[in-house]
Amino acid sequence: MRLHKKSTAMDSLTSAIKSNIIPNQEYLLQGSVFDSAVEVLLHRLRGLCDNVDSGPETFHDHEMCFSMRSSVQPMLLRVRRALDYQEMPWQLRYIGQNELGDKSRPTIVRNSIDIGTSSTIVEFLTELGCRMDFEYIVRGYMFRKGRMKITVSKIFKMGQGKPLESVEPMSQSYLVELSVLAPSGQDAIAEDMRSFAEQLRPLVQLEKLDYKRLQHVA
Amino acid sequence: MQREEKQLESALDAIIMRVNDLKNSIGSMLMKLEHEYETLHWPTFLDNFALMSGHLTTLSKMLSHEKCPPLRNLTVLPLLLSPDRDEELMRLTEHRVHTFSHDLVPDYLRTKPEPEVEAKMNQMEHKAASLSYEAAQKQITAYVKVVTNVWEIVSKAREEWETEAGARSGAVQTSSINDTHTLVAAVGMGKGLKAVIQPPVQPGPQGMMVAPVGRPGTGGPQQPGTMNPNQPGQMGAMGKAPSAIKTNIKAATQIHPYNR
């Protein structure tokens, strides 16, 4: 019986993959804004985005990035938990390689798979042989505009035995990300993202950033 | 005589062309006003004005050009007036004028103001001419005073506006590409988040961060074992206190030789 059930689940998953309805592509633009200008940006986003009445959603998360060193290119798995809603499930996320594409493509595209988990995920990953590569605290605001998600967040370094409240910020800026999760091949949304990013200029320059080049930037 | 006629013809052609340009730009602006009033921006609207003023300038330049025959010496004589519809005239005027009748012709061919207006103008000119020098001087001073006052108000407002705009353009730097790179590299690759191992000077809470040095690729002799005792602590690390415990363990593992 159980086997049967499992196979049907597998079947529906396969058919979902085949009919290309799984949103596993993330379209992404990134930028940053100085702490001093974040209020202006939030104000503008409040005006531009859908959740006008309720205001922006806040979040306060802890993210741990695990790597599995099976090949030369390490596979990264991200575990995220909400510090402000501890009863919420944890989240495991796989992010693939960034595809920059040529100039005509407005955004980065990368594979992205999310799944809700319990808090034992860390133990599970460790048992699998994954090792925690780095971790950080992220706190900020989230906006919605149609299918687009906009986060404005501050990244904090962890550790040094300090309590979570006194973590050290990475920089004097907020990270701004504009992303959409969509099934593959829906490139039209990237155009919408470009025009939305255009509306945030010159406050924030949302761009597609080449991670390979970042590795060499000091 | 022939030469003059030719000149007149070419001048008229050129003038008609310019007038058509002007007409078109006015027409396109009216179109915009009527159909795009919801999306019309001030800059584009003002561009239209600039275009028109450009056309007007070329037109007046052309009229004052020395090669242009003195048009005011020429007369337009209506030879035949008729109350009937004139299809040809309609075509020429884009359906604006239907008949060439006694009713409309005086308005269209008028070269002088209406007699009443002309009389009023004369009256004004006479009044201006009869004004005494002192009175005129007095009025000029008063006028200058008013203008200076307005000028001051405007320039003061402009100054304020410009400093405000300047302050804004000074604050235009609201983001830095370096910060973007730092943050993206940190979130994406853990750059700056992975702790650099330093031999702990004093054991205890001052110990380094959880993750041992190893970067992906270096593949040094990592201690997967060190993670394990750590994890349960992590899991419990909902609050702040456990993180201290966690680092304690870490620091300890680094000191104890059996782990190397």
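The figures that follow rest on heavy atoms only: side chains count, while hydrogens, waters and symmetry mates do not. So that the names make sense, note that chain A is the first sequence line, chain B the second, and so on, each numbered from 1.
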Within 6.0 Å of OH in A:Tyr141, more than 12 heavy atoms from elsewhere: no
Please report the interatomic distance CG(A:Leu92) to CZ(A:Phe124), rounded to the nearest 0.5 Å. 9.0 Å
Any side-chain heavy atom of A:Leu178 sitting closer than 4.5 Å to one from A:Ile150? yes
Side chain to side chain donor-acceptor pair (under 3.5 Å) with A:Tyr136: which of A:Glu63, A:Lys157, A:His62? A:Glu63
Interchain contact, A:Leu175 with chain B, by part (heavy-atom threshold 4.5 Å): both
Measure distances from A:Glu177 to the heavy atoms of chain B and classify the residue's part below 4.5 Å as side chain, backbone, both or neither. neither
So, the part of A:Ser173 with a heavy atom under 4.5 Å from chain B: the answer is both
